[in-house]
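So the structure is just underneath, and the comments pick up after that.
Quick note: residue numbers are just sequence positions, from 1. As the structure lists them, so they are numbered: ligands from 1, and atoms in each ligand from 1.
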Amino acid sequence: MTQQLQITKARTLKEKPEVAGIPFGSYFTDHMFSMDYSAELGWHDASIIPYAPIEVSPSAQALHYGQTVFEGLKAYNVDGDVTLFRPDENFKRLNRSLERLSMPKIDEEFALLALTELLKLEHDWVPDGEGQALYVRPFVFANEPYLGVRPAKNYKMLIVLSPVAGYYGAQLNPTSIFVEDSYVRAVRGGVGEVKFGGNYAASLHAQQKAADLGYEQVLWLDGVHQEYVEEVGSMNIFFVRNGELVTPELNGSILPGITRKSLIELASGMGYTVNEERIHIKDIEEGIKDGSVTEVFGAGTAAVIAPVGIMNIHGTDYRINGNEIGEVTQKLYDNLTGIQTCELEDKYGWVHQVTSTVK
Ligand SMILES: *Cc1c(COP(=O)(O)O)cnc(C)c1O
């Protein structure tokens, strides 16, 4: 599938905001990528157009039955050049999500090419402050006007861009998590392992409950036994136990994070033993009590690494590492963000150059 990419530039450009202090995902750039799918034509009308509201039929299937999937990655400003972190992994995962939701797959190479053209046009929007980035949100939804329950025949893919501040400002402040033991996020065989919109809608109630109790995030347990650790809202979870890293194994209900995958490789390369296994919440509780579990952190694109300082397990609050960021967490954060911002050598070939100015 080779496609032409039409570019229509905006007549007037927006004023660029002060990125520090804008809430995550609340401000968008001048242009977006758009592409349509129909059963007859396949994916067509690939274009870069001004960012603006789109027309959607009241009967669009996504609004009723939720066929909608998304991705999230970041573009970085490295001395004026734009880079992406492992974008091929995001488009591969988008295709896995599309397949799971009976939606048409995209050409991964073309999607990356289209994103590259969009970022070239919007390169002035990629912020260069500490921890700042241009968040990239590709998504696909069913827009056939039809109320029958079956896979739609028409879809739209869009990519929008949003400048984001560092998740925490200058330093890593530990977060607090509530281990949810009544609601569940996902079950094996379900849709938890893909980035399907409904997963997040379904998580809001428990997230609200945790917030009301004074915790920032929910840690989900498995959907069957409600005993095994799965992940946080939009992050995978890692523990430091006896100096080794341990994270839940991918079991069919956990979202396979690219940050997770990268950290596993990176930590192994740094000499850490990394264990992917089924983790009982009781063992974590015991480990915190007896001092063998010394650090806990979440891992995902938005925050990169989020140290956990407080963990509420079955009603008891535990402080992890005195509610301070731990040594291993800090080291991994420094190494991963160092690679992402090209301050450290990219041994693994993870950084994708979007623009390069010869200096
Ligand atoms: C996106 C996401 C993650 C993290 O994935 P990354 O590729 O590292 O950003 C983890 N869990 C859930 C539920 C997610 O939606």
Side-chain angles (χ1 to χ4, degrees), residues 24-25 66 68-76 84-98 100-101 108 115 131 133-140 162 164 166-167 175 177 180 183-188 190-207 210 216-223 228-238 245 247-267 274 276 279 296-306 308 329 332-333 335-337 339-340 348 350-352:
F24 179 86
T68 179
V69 302
F70 67 95
E71 269 303 323
L73 63 160
K74 280 176 172 173
Y76 297 89
L84 289 163
F85 185 73
R86 310 188 80 176
D88 47 323
E89 291 284 339
N90 290 91
F91 288 119
K92 219 190 287 174
R93 188 170 63 189
L94 180 59
N95 266 340
R96 287 202 303 271
S97 299
L98 287 167
R100 180 64 182 83
L101 273 294
E108 293 164 26
L115 174 57
L134 188 63
Y135 184 77
V136 177
R137 167 54 60 90
F139 61 108
V140 184
S162 176
V164 292
Y167 209 71
T175 185
I177 60 177
E180 175 57 52
Y183 299 110
V184 300
R185 189 190 92 92
V187 292
R188 197 174 309 178
V191 286
E193 64 174 350
V194 295
K195 261 178 136 65
F196 157 58
N199 289 339
Y200 306 85
S203 73
L204 297 175
H205 194 69
Q207 178 63 45
E216 289 173 279
Q217 315 247 12
V218 170
L219 176 68
W220 298 98
L221 299 177
D222 75 278
Y228 299 98
V229 175
E230 297 243 306
E231 61 180 314
V232 188
S234 55
M235 293 191 289
N236 296 109
I237 188 121
F238 285 80
L245 284 157
T247 190
E249 63 189 354
L250 298 178
N251 59 359
S253 54
I254 292 172
L255 196 288
I258 297 159
T259 315
R260 174 189 182 279
K261 179 176 172 171
S262 305
L263 280 173
I264 290 171
E265 275 185 68
L266 186 66
V274 186
E276 296 177 71
I279 303 169
V296 181
F297 62 89
T301 295
V304 188
I305 284 182
V308 175
T329 308
L332 290 170
Y333 177 82
N335 274 272
L336 186 56
T337 55
I339 293 173
Q340 289 172 334
Y348 301 93
W350 288 337
V351 174
H352 175 88

Note down each nitrogen or oxygen pair, ligand 1 side and protein side, whose separation is under 3.5 Å; give only atom names and the distance to 0.1 Å.
residue, atom, partner, partner atom, Å
ligand 1, 7 (O), R93, NH1, 2.8
ligand 1, 7 (O), R93, NH2, 3.0
ligand 1, 7 (O), I258, N, 2.8
ligand 1, 8 (O), I258, N, 3.2
ligand 1, 8 (O), T259, N, 2.9
ligand 1, 8 (O), T259, OG1, 2.6
ligand 1, 9 (O), T301, N, 2.9
ligand 1, 9 (O), T301, OG1, 2.6
ligand 1, 11 (N), E231, OE1, 2.5
ligand 1, 15 (O), K195, NZ, 2.7
ligand 1, 15 (O), Y200, OH, 2.4

| query | Quick one: side-chain contact (heavy atoms from CB on, under 4.5 Å) partners of V194, sequence neighbours excluded? | reply | S97, R100, L101, V191, F196
| task | Please name all residues satisfying side-chain contact (heavy atoms from CB on, under 4.5 Å) with E276, sequence neighbours left out, ordered by chain then number. | result |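 Here the qualifying residues are T247, E249, R260, I264.
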| said: Do the side chains of E230 and R185 get close enough for a salt bridge, i.e. N-O under 4.0 angstrom? | reply: no
| query | Is a side-chain N or O of N236 found less than 3.5 angstrom from the main chain of G257, in a donor-acceptor match? | reply |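 Side chain of N236 to backbone of G257: a pair is present.
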| Side-chain (K74) to main-chain (T301) donor-acceptor, under 3.5 angstrom | yes
| query | By ring pair (Phe, Tyr, Trp, His ring centres under 6.0 Å), which residues pair with Y228, not counting sequence neighbours? | reply |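 Y228: ring pair (Phe, Tyr, Trp, His ring centres under 6.0 Å) contacts with H225, H280.
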